[in-house]
Structures are given as C-alpha cells and as structure tokens.
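Order of appearance sets the numbers: ligands from 1, and atoms from 1 within every ligand.
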Amino acid sequence: MRAYYYDNVEVSQTPPAITQSTTANVAPSVQRHRGRAAAAADVVAIPTPSKATASIGDQRLPHDSGRDLAAADLEKLGVLYYRLPDVSGVDELASQRGYRNRDEITVSPEKMGAVYEDKVKSFFHEHLHEDEEIRYIRDGRGYFDVRSKGDDWVRIQLEKDDLIILPAGIYHRFTTDADNYIQAMRLFKDEPKWTPLNRAPELDSNEHRQGYVSQFLK
Ligand code: KMT
Ligand code: NI
C-alpha cells in the first residue's frame with residue numbers, strides 16, 4: 001500500500017504548459033491500449049490546453065504528486081488498511097465485523113470482455129455507499145481514490161495481500177492501473193449492498209453521508 005495526494009490538485013490550480021510528446025495527440029482510449037510500456041511517456045502527454053483540467057492523461061496512470069500520506073492519515077478519514085499475507089487474517093477480521101459472505105472479482109479485459117472499458121469508467125465515477133466497502137487484493141494492482149478533509153483526492157495504491165475498508169458515506173472511486181488487471185475478494189454481510197450513489201448535493205442529507213461527515217470531517 002502506498003497513499004499519496006493525486007496530482008490533479010496542483011494541475012487544476014495551475015494549468016500546465018503543453019509538453020511535447022509522441023503521445024500528445026493520441027486519444028486517451030488509444031493510449032490505454034498501449035499498456036505499461038507506454039505509461040511513462042503518457043504521463044507528460046497533455047492532449048489539448050482546453051482539456052487540461054478535465055482529463056490529464058489516463059486515470060490508470062499513477063498521478064503521483066509525491067506528497068505521501070501514512071496509514072494513520074487514512075485512519076483519520078475512517079479508511080482502515082491491513083496487510084494480510086494469510087487468508088486466516090481475513091477470516092478473523094470478517095468474523096469480528098460480522099461479514100459472513102465473500103466473492104471474488106477479476107477486473108481485466110480478458111475476464112470482462114467488451115464491457116471492461118465501461119466497467120472501469122463506472123468504478124471511477126465518484127460515489128459513496130451506505131455500507132462499508134471491504135476489498136482484499138489477491139493479485140494485480142489498483143487504485144482507490146478517497147476524498148481528503150479538504151476535498152482533494154488521496155490515491156491509495158493496493159497490491160496482493162492488501163485489505164482496505166472504506167467507511168460508509170465516504171466519497172471514493174476505483175481504477176485499475178496501466179496493467180489493466182486486478183483480482184479482489186469482496187466481503188459482504190448478507191446481500192451485497194454496493195449500490196453506488198453518485199456524488200450530488202442531494203446526498204448531503206443522506207443519513208450515511210451525514211454520519212460519515214460528523215464522525216470524520218468535522
Ligand atoms: C468497486 O466497488 O469499486 C470494486 O469492486 C472495484 C473492483 S475491486 C478492486
Ligand atoms: Ni465503491
């Protein structure tokens with residue numbers, strides 16, 4: 001696990017100068033399919049000035065501002081992190097919290113086929129849930145982004161044996177990284193309640209959102 005502020009914070013305040021790059025005029029959808037080898041070059045690729053604040057490169061690139069956060073900082077946001085090299089640790093945590101069910105999801109073009117791109121886009125739409133979201137990474141890598149107290153994005157990079165608990169009511173989003181592959185165990189109590197509620201002013205009055213705000217953002 002590594003947590004850091006997402007680089008859009010600086011970018012949105014000061015639109016960057018256009019950087020010359022071989023990938024500068026290639027659509028993000030094309031860049032994505034180039035995979036990991038092209039990723040480093042794509043970091044500096046900025047399609048057009050007008051799009052500078054909307055989409056600087058691909059969501060699957062690191063977007064690393066270099067400003068790190070510790071696990072203790074995540075805890076202040078209600079986000080709990082565990083490194084569990086053995087699944088027995090997950091069993092223990094699950095029984096402590098009353099999680100009796102689990103399944104596994106693989107997010108990759110091979111596994112999901114034609115819907116992969118749409119799925120990844122929908123995971124990346126900012127949302128909250130009315131229950132905790134617990135994910136235990138079994139293989140591959142991915143990023144969970146959560147909102148800081150100041151409403152900036154904090155990017156949490158997860159890999160095999162990382163387990164994360166996002167509290168009910170926190171605004172977040174998920175994406176695979178440039179390798180386009182992650183396998184994760186999803187823990188749930190009875191019926192999975194993962195309905196994403198997309199960020200909107202109306203959610204300010206949602207009881208689960210209010211519970212989160214009063215416990216962690218005040
Ligand atoms: C979610 O809710 O965003 C997901 O389940 C994403 C895949 S699990 C790493
Ligand atoms: Ni979610």
Side-chain angles (χ1 to χ4, degrees), residues 1-4 6 32 36 58-63 74 77-85 87 89-90 93-94 97 99 101-148 151 153-200 202-203 206-213 215-217:
M1 189 279 281
R2 193 184 146 226
Y4 53 83
Y6 191 83
R32 276 199 287 278
R36 196 173 180 75
D58 192 293
Q59 69 192 45
R60 286 168 258 209
L61 296 177
H63 291 280
L74 297 182
L77 297 172
V79 175
L80 302 178
Y81 165 74
Y82 301 87
R83 178 90 183 171
L84 299 173
V87 79
V90 178
L93 188 140
R97 299 180 91 89
Y99 282 78
N101 299 306
R102 56 185 71 173
D103 68 7
E104 289 216 357
I105 181 174
T106 301
V107 184
S108 73
E110 288 72 24
K111 196 83 183 179
M112 292 185 157
V115 301
Y116 176 74
E117 288 295 323
D118 285 345
K119 267 283 179 201
V120 166
K121 272 195 204 110
S122 75
F123 286 145
F124 203 63
H125 201 103
E126 182 172 3
H127 63 276
L128 61 75
H129 306 283
E130 297 189 335
D131 210 344
E132 293 179 328
E133 179 167 326
I134 305 186
R135 298 290 182 267
Y136 179 48
I137 311 306
R138 305 315 302 130
D139 200 10
R141 270 176 300 273
Y143 301 116
F144 279 92
D145 294 342
V146 300
R147 288 291 186 182
S148 72
D151 213 28
W153 282 118
V154 171
R155 175 150 281 196
I156 306 166
Q157 178 182 40
L158 298 178
E159 59 181 4
K160 181 172 163 38
D161 296 341
D162 286 340
L163 183 145
I164 195 159
I165 304 179
L166 303 183
I170 192 173
Y171 278 120
H172 66 279
R173 63 188 184 186
F174 169 80
T175 184
T176 45
D177 72 6
D179 286 343
N180 291 298
Y181 172 68
I182 194 167
Q183 195 181 327
M185 183 189 288
R186 307 187 293 190
L187 273 60
F188 50 100
K189 286 176 177 160
D190 295 306
E191 290 300 305
K193 277 191 287 181
W194 294 314
T195 312
L197 303 178
N198 289 340
R199 185 158 178 168
E202 304 89 84
L203 280 179
N206 176 290
E207 62 173 308
H208 297 90
R209 177 62 186 165
Q210 286 187 340
Y212 177 74
V213 169
Q215 192 176 354
F216 296 107
L217 301 186

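- Side chains of T106 and Y181 form a contact here, defined as non-hydrogen atoms less than 4.5 Å apart.
- Classified by interplanar angle (parallel below 30°, tilted 30° to 60°, perpendicular above 60°), the ring pair F174/F144 is tilted.
- Not counting sequence neighbours, the partners of N206 by the side-chain hydrogen bond (donor to acceptor under 3.5 Å, both in side chains) test are E130.
- Ion pairing between K160 and D139 fails under the 4.0 Å rule for side-chain N and carboxylate O.
- Residues H129 and H208 have side chains that never bring a donor and an acceptor to within less than 3.5 angstrom of each other.
- Contact check on R60 versus E117 returns a salt bridge, with a Lys/Arg side-chain nitrogen under 4.0 Å from an Asp/Glu carboxylate oxygen.
- Using a 3.5 Å distance cut-off with no hydrogens or angles, the side chains of D162 and Y81 do pair a donor with an acceptor.
- Looking only at side-chain heavy atoms (C-beta outward), V79 and H172 stay at 4.5 Å or farther from each other.
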One line per pair, note the atom names and distance for all nitrogen or oxygen contacts under 3.5 Å between ligand 1 and the protein.
unit_1	atom_1	unit_2	atom_2	d
ligand 1	2 (O)	E133	OE2	3.0
ligand 1	2 (O)	R135	NH2	3.0
ligand 1	5 (O)	R135	NE	3.0
ligand 1	5 (O)	R135	NH2	3.2

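- Sorted by chain and number, the protein atoms of type N, O or S within less than 2.8 Å of the Ni ion (ligand 2) are H127 NE2, H129 NE2, E133 OE1, H172 NE2.
- Listed by chain and residue number, Y136, D161 satisfy the side-chain hydrogen bond (donor to acceptor under 3.5 Å, both in side chains) test with R138 (two or more places apart in sequence, or in another chain).
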